[in-house]
Amino acid sequence: MQGAFKTVPRRYSIGLWLTAGSLAFLFCLYHLSGTLVFGSFLPADNDSFYHARRIIDALGDPLRVAQFDARIHAPEGSWILWPWAYATAMACLTRLLMALTGAADPMSVLAFIAPAWVFVNAALFLGIASRLRLSLAMQALAMLFFTLLPLTQMLHRVGMVDHHYIEWTFVLASLYCGLGWFDDLASRRPPAALAAVLGAAPAFHTGLFILQLPVLLAFAWLWALKGPLHRGGTLA
């Protein structure tokens with residue numbers, strides 16, 4: 001298994017990632033006619049409308065993204081359920097892309113961030129396949145499934161401003177880092193990366209605290225089996 005894993009050349013993995021990511025990106029543009037209306041880009045769904053409004057309002061000062069909305073649950077208003085990190089990051093990225101491209105409409109930039117982000121999730125998906133010691137043929141099959149998966153096309157479709165594709169990023173990243181750690185429990189870098197992923201995740205979506213549960217269950221399983229629990233990696 002280990003030997004078969006080592007025989008996969010890096011250039012093949014890069015080619016596989018670029019091919020699968022590009023194909024997925026094209027599939028995610030299928031709904032372009034639903035978000036480009038009379039020359040203007042519209043968010044893809046109801047939640048995307050709200051996220052877009054919050055992000056665009058914060059373009060002038062992304063570090064002061066709104067946390068309280070006086071216009072919902074009128075007349076008293078309400079605290080916004082979604083945490084700050086996604087809207088802040090998107091506002092910063094939108095400002096940067098608008099400056100680089102000269103775009104005047106923020107939605108013309110926001111509409112394409114989710115489709116472009118499919119390359120990030122494709123890389124994580126391929127990384128998981130690699131850490132599972134899959135052969136090149138099986139990695140190619142896994143990436144084909146990733147590309148054709150309706151979830152990929154739904155979360156990354158053009159005009160999607162909702163945060164669900166970032167949730168998927170954290171799910172994949174936690175699995176990728178966790179596999180790296182449990183492959184070598186004495187290591188320090190993979191558990192430190194996993195800690196960063198688990199720590200940052202709730203800032204992007206409150207429900208992502210649940211990602212800590214599989215790690216704790218894996219530790220409980222190792223403890224029950226009296227397996228090795230190395231102090232260095234655990235402290236990292």
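One-based numbering along the sequence shown. Just so it is clear, the structure is predicted and the values come from calculations on it, not from any experiment.
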**Request:** Evaluate the side-chain proximity of P115 to R157: yes if any heavy-atom separation is below 4.5 Å, no if none is.
**Result:** no
**Message:** So S174 and L194, do their side chains get closer than 4.5 Å, heavy atoms only?
**Reply:** yes
**Prompt:** Sub-3.5 Å donor-acceptor pair from the side chain of T19 to the main-chain atoms of L16, do we have one?
**Reply:** no
**Heavy-atom closest contact (P106 atom, L59 atom, distance)** = CG-CD1, 3.7 Å
**Item:** Side-chain ion pair, R53 and D69, N-O less than 4.0 Å
**Value:** no
**Request:** Please check if F112 and L97 belong to a single hydrophobic cluster, counting links between Ile, Leu, Val, Met, Phe, Trp and Tyr side chain heavy atoms closer than 4.5 Å.
**Result:** yes
**Asked** Between Q139 and A129, which heavy-atom pair has the shortest distance, and what is it?
**Response** CG-CB, 4.0 Å
**Aromatic contact, F204 with Y86 (centres under 6.0 Å)** = no
**Message:** Does D61, at its CG atom, have more than 12 non-hydrogen atoms belonging to other residues, nucleotides or ligands within less than 6.0 Å?
**Reply:** yes
**Request:** State yes or no: do F49 and I80 share one hydrophobic cluster built from I, L, V, M, F, W and Y residues joined by side-chain heavy-atom distances below 4.5 Å, directly or via other members?
**Result:** no
**Complete:** So CD1 of I128 and CG of L124: to nearest 0.5 Å the spacing works out to 6.5 Å
**Verify same cluster id: Y165, Y30 (apolar side-chain graph, 4.5 Å)** = no
**Item:** Closest heavy-atom pair and its distance - I55, M90
**Value:** CD1-CB, 3.6 Å
**Prompt:** About how many Å separate CE of M107 and CG of L110, when rounded to the nearest 0.5 Å?
**Reply:** 5.5 Å
**Request:** May I ask you to decide if the ring planes of H164 and H205 are parallel, tilted or perpendicular, using 30° and 60° as cut-offs?
**Result:** tilted
**Prompt:** Just wondering, do S22 and F25 contact through their side chains at under 4.5 Å, heavy atoms?
**Reply:** no
**Request:** In plain terms, say whether R64 and D57 are close enough for a salt bridge, that is, a side-chain N and a carboxylate O under 4.0 Å apart.
**Result:** no
**Message:** Applying a strict under-4.5 Å side-chain criterion to I, L, V, M, F, W and Y, I'd like to know whether V215 and L185 cluster together.
**Reply:** yes
**Prompt:** Rounded to the nearest 0.5 Å, how far does CG of L126 lie from CZ of R131?
**Reply:** 11.5 Å
**Neighbour count above 12 (heavy atom, 6.0 Å) for W117 CH2** = no
**Prompt:** Quick one: does P62's side chain get under 4.5 Å of C92's, heavy atoms only?
**Reply:** yes
**Prompt:** Do L179 and M138 share a hydrophobic cluster, counting only Ile, Leu, Val, Met, Phe, Trp and Tyr and linking them when any side-chain heavy atoms are less than 4.5 Å apart?
**Reply:** yes
**Item:** Member of F27, W168, F146 meeting the side-chain contact (heavy atoms from CB on, under 4.5 Å) criterion with V118
**Value:** F146
**Prompt:** Between atom CZ of F41 and atom OG1 of T35, what is the distance when rounded to the nearest 0.5 Å?
**Reply:** 7.0 Å
**Message:** So D183 and R133, do their side chains get closer than 4.5 Å, heavy atoms only?
**Reply:** yes
**Message:** Checking side-chain contact (heavy atoms from CB on, under 4.5 Å) between F145 and each of L148, L141, T147, which is the one that passes?
**Reply:** L141
**Prompt:** Will you find, in the side chains of T169 and N121, an N or O donor that is under 3.5 Å from an N or O acceptor?
**Reply:** yes
**Message:** I need the I210 CD1 to L198 CG distance, nearest 0.5 Å.
**Reply:** 11.5 Å
**Prompt:** With distance as the sole test, does R54 use its side chain to make a donor-acceptor pair with the main-chain N or O of V65 at under 3.5 Å?
**Reply:** no
**Item:** Side-chain heavy-atom pair M98, L96 within 4.5 angstrom cut-off
**Value:** no
**Item:** Non-hydrogen atoms of L222 and F182 that approach each other most closely
**Value:** CD1-CE2, 3.5 Å
**Considering all heavy atoms, the nearest S48-M160 contact** = OG-SD, 3.4 Å
**Prompt:** Are any of the side-chain heavy atoms of F125 and T152 separated by less than 4.5 Å?
**Reply:** no
**Message:** Distance alone, cut at 3.5 Å: any donor-acceptor contact between the side chains of D162 and Y50?
**Reply:** no
**Complete:** What one should report as the nearest heavy-atom pair of L211 and V171 is CD2-CG2, 3.9 Å
**Request:** For W84, look at atom CH2 and say whether over 12 heavy atoms of other residues, nucleotides or ligands are found less than 6.0 Å away.
**Result:** no
**Request:** Please work out whether the ring planes of F119 and W17 are parallel, tilted or perpendicular, with thresholds of 30° and 60°.
**Result:** perpendicular
**Prompt:** Ring centroid separation for F219 and W181, is it under 6.0 angstrom?
**Reply:** yes
**Asked** Hey, does Q153 have a side-chain heavy atom less than 4.5 Å from the side chain of H156?
**Response** no
